[in-house]
There are 2 protein chains.
Amino acid sequence: MRITYKGDYALKAVLELASNYRKDTVTIHEMANRLDIPAKFLEQVLLELKRGGFVESRRGRMGGYLLAKSPSQIKLGEVIRFIDGPIEPIACIDIKYKGCNATYKCVFRKIWKEVAKKTSEIIDNITFEDLAKETKKETLVYTI
Amino acid sequence: MRITYKGDYALKAVLELASNYRKDTVTIHEMANRLDIPAKFLEQVLLELKRGGFVESRRGRMGGYLLAKSPSQIKLGEVIRFIDGPIEPIACIDIKYKGCNATYKCVFRKIWKEVAKKTSEIIDNITFEDLAKETKKETLVYTI
DNA sequence: TATAATTTCTATTAACATAGTAGAGTATAA
DNA sequence: TTATACTCTACTATGTTAATAGAAATTATA
């Protein structure tokens, strides 16, 4: 798995919206400023997240973005997979990969699957509710 | 972590040499044919593996490649890191990464570190001796 | 109703990485 | 001496990434 800037931005954006869940909508520019992300790039990321059903938007004045479902229903793994693709470290799990005339007896294949499994055990067991709580807590710690 | 074709080829080449440890040297072309890898590309990979101290070579007639140390002393993780770089899924662990004005309080950072740790627990605990044994066993199974 | 604020959509681009190709040079066993 | 093998450097095609640009559509509100 490799996390791109786009994926990184997506996670931060969703977390931002999760922290704002059931409050106001947040505009692209607000998020871009707060997260220090190029606004036009973030715009594209948010559109993609919308198509993925993670966020909703309100157009026009007083518009902005908001989460499409509860933070507790969005897993870290879902978002990163949607934006950056499969978490498997090598494509030999995938169809496109050519280079193994006998994948079924490739000793590496099972290792990469094991890596993917362990990765999944982490990222598919963390919701944005968890993350929002954690950031809140950390912010408090640093504020006090 | 993302494993490139180059990394994939490197692992297969080292395994091939591990299976041949203390027997004859193996030429680039033999390996390229057996592993179905473009010979000129494999050539570069092997040169890199040599610079990394994983393999040795004999030039001229009757030449070829051989392992520089015992298969039991070469870990999967060492080779893949050397060829494909750090296993961390995101560069925010690295210096070059810009985009976190406060990495120390980034909730994602610790997650990616955890992923890297689990990955390391797998790939740094497998030697090419293990792998060579496994391929040998599997080959037998399919031969019988 | 006009306007400012906001999202939406499509295209373009610079830089870099990947995966490979090409060819001339060097060493060595037989 | 020669065939066989590794060595080295350069080149290239393709794709991906991380943006940037600008015009269009929508909507609250003054």
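Order of the sequence lines fixes the chain letters, A, B, ..., with proteins taken first and strands second; residue numbering starts at 1 for each chain.
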- Item | Stepwise side chain to side chain donor-acceptor pair (under 3.5 Å) check, A:Thr127 with A:Lys75 | CA-CA 4 Å; A:Thr127 71; A:Lys75 290 172 190 165; over 6 Å; no
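Between the P atom of D:dC6 and the OH atom of B:Tyr65 lies a distance of 6 Å, rounded to the nearest Å. Between the C1' atom of C:dC16 and the CZ atom of B:Arg2 lies a distance of 13 Å, rounded to the nearest Å. Here the C1' atom of nucleotide D:dC8 and the CG atom of B:Leu46 are 14 Å apart, to the nearest Å. Atom CG of B:Asp24 and atom C1' of D:dA5 are 14 Å apart (whole Å). Distance B:Asp84 CG to C:dA19 P: 8 Å, rounded to the nearest Å. In this structure, CZ of A:Arg58 is placed 14 Å from P of D:dT29, rounded to the nearest angstrom. Whole-Å rounding puts the A:Lys50 NZ to C:dT8 C1' distance at 8 Å. If you take CZ of A:Arg59 and C1' of C:dT8, they are 5 Å apart, rounded to a whole angstrom.
Each of B:Lys40 and A:Lys40 has a nearest nucleotide on DNA chain D; the 5'-most of these lies closest to B:Lys40. Along DNA chain C, the nucleotide closest to A:Ser57 and the one closest to A:Gln44 are compared, and the more 5′ of them pairs with A:Ser57. Nearest-nucleotide mapping onto DNA chain C: of A:Glu43 and A:Met62, the residue sitting toward the 5' end is A:Met62.
B:Leu66 is not listed as a side-chain neighbour of B:Asn20, based on a closest heavy-atom distance of 4.5 Å or more.
Ring pair A:Trp112/A:Phe108 is parallel by interplanar angle, where below 30° counts as parallel and above 60° as perpendicular.
Candidate nucleotides D:dA28, C:dT18, C:dT8 were compared by shortest atom distance to the side chain of B:Thr4, and C:dT18 ranks first. The B:Arg61 side chain lies nearest to C:dA29 when the options are C:dT21, C:dT7, C:dA29. Picking from D:dA19, C:dC9, D:dT29 the nucleotide with the shortest atom distance to the side chain of A:Phe41 gives D:dA19. Taking only side-chain atoms of B:Tyr5, from C-beta outward, the nucleotide of C:dG20, D:dA18, D:dT20 with the closest atom is C:dG20.
An OP1 or OP2 oxygen of D:dA19 is reached within less than 4.0 angstrom by a side-chain nitrogen or oxygen of A:Tyr9.
Here the CZ atom belonging to B:Phe128 is positioned 9.0 Å from the CD atom belonging to B:Glu78, to the nearest 0.5 angstrom. B:Glu56 contributes atom CD, which lies 8.5 Å from atom NZ of B:Lys50 (distance to the nearest 0.5 angstrom).
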